[in-house]
Amino acid sequence: QVQLVESGGGLVQPGGSLRLSCAASGSLLGRYTMGWYRQAPGKQRDFVAQLTNDGTTNYAAAVKGHFTISRDNAKNTVYLQMNNLKPEDTAVYYCNAISGANILGIRNTYWGQGTQVTVSS
């Protein structure tokens, strides 16, 4: 089992940058597919970025070229570097981890509690 704790959110002006961190405990993240999602008030939770255990990355079109997902296995931490932030990036950002399939073919999904990012002048 994995516990995920996000940090690094806050208030930033348009055009500014933030780096979110997702620290894991209970298991090492090296064998997990990691992701970031975000949810604005009254809206659904949307995919932002994904990083597989072999280093493959995927991004939502809205953030490609501005956000970067990475991991530091030594620190058991995943990051989301957010540059050129816009007001529409305002949301609660959630860290996600998906395990490899077990012998029954079941993958476990874990979520952090989220960290607030507000982009406003």
Side-chain angles (χ1 to χ4, degrees):
Q1 295 183 338
V2 177
Q3 292 78 48
L4 304 172
V5 179
E6 302 96 332
S7 62
L11 176 64
V12 64
Q13 293 184 344
S17 298
L18 286 173
R19 188 177 75 162
L20 306 183
S21 298
C22 174
S25 62
S27 184
L28 298 178
L29 297 181
R31 301 181 185 273
Y32 288 74
T33 290
M34 304 300 301
W36 287 94
Y37 291 71
R38 65 187 182 186
Q39 186 170 21
K43 298 182 179 179
Q44 68 179 13
R45 187 174 298 186
D46 292 327
F47 168 78
V48 174
Q50 179 187 73
L51 175 62
T52 69
N53 62 359
D54 67 356
T56 301
T57 58
N58 292 288
Y59 297 94
V63 306
K64 188 175 297 184
H66 304 285
F67 289 13
T68 303
I69 186 172
S70 62
R71 69 168 75 211
D72 186 338
N73 287 335
K75 297 181 178 180
N76 214 28
T77 300
V78 175
Y79 304 97
L80 184 68
Q81 178 67 45
M82 306 184 295
N83 298 325
N84 193 26
L85 285 162
K86 301 174 175 60
E88 51 263 42
D89 295 317
T90 295
V92 176
Y93 283 71
Y94 296 91
C95 181
N96 161 269
I98 303 174
S99 69
N102 64 14
I103 195 169
L104 299 178
I106 298 173
R107 297 179 182 270
N108 295 317
T109 301
Y110 305 92
W111 293 93
Q113 74 278 20
T115 184
Q116 177 72 48
V117 172
T118 302
V119 184
S120 176
S121 59

Is there a path of hydrophobic side-chain contacts, each under 4.5 Å between heavy atoms of I, L, V, M, F, W or Y residues, that connects [X] with [Y]?
| X | Y | value |
| --- | --- | --- |
| Val92 | Phe47 | yes |
| Val78 | Val2 | yes |
| Tyr79 | Val63 | no |

For residues [X] and [Y], report the shortest heavy-atom separation together with the two atoms involved.
| X | Y | result |
| --- | --- | --- |
| Arg38 | Ala91 | CB-CB, 3.7 Å |
| Ser27 | Asn76 | O-ND2, 3.0 Å |
| Leu51 | Arg71 | O-NH2, 3.3 Å |
| Val12 | Leu85 | CG1-CD1, 3.5 Å |

Quick one: does [X]'s side chain have a donor or acceptor within less than 3.5 Å of a partner on [Y]'s backbone?
| X | Y | value |
| --- | --- | --- |
| Tyr59 | Ile69 | yes |
| Thr115 | Tyr93 | no |
| Asn102 | Asn108 | no |
| Glu6 | Gln113 | yes |
| Gln81 | Thr68 | no |

Close side-chain approach of [X] to [Y], heavy-atom, < 4.5 Å:
| X | Y | value |
| --- | --- | --- |
| Tyr110 | Met34 | no |
| Lys86 | Pro14 | no |
| Trp111 | Leu4 | no |
| Val48 | Phe67 | yes |

Completion exercise
Result for side-chain contact (heavy atoms from CB on, under 4.5 Å) between Val117 and one of Asp89, Leu20, Thr90 points to Leu20
Exercise for the section: Applying side-chain contact (heavy atoms from CB on, under 4.5 Å) between Thr33 and each of Asp54, Thr109, Thr52, report the one that passes. Expected result: Thr52
If you count the non-hydrogen atoms of other residues, nucleotides and ligands that lie under 6.0 Å from [atom1] in [X], is the total more than 12?
| X | atom1 | answer |
| --- | --- | --- |
| Glu88 | CD | yes |
| Leu104 | CG | yes |
| Lys75 | NZ | no |

Problem - Within 45° cone and under 6.0 Å: Arg45 NZ/CZ vs Tyr94 ring - result: yes
Practice task
For Ser17 and Asn83, test the side chains for any donor-to-acceptor distance below 3.5 angstrom and give the result as yes or no.
Solution key: yes
Completion exercise
CH2 of Trp36 to CE of Met82, rounded to nearest 0.5 Å, is 8.0 Å
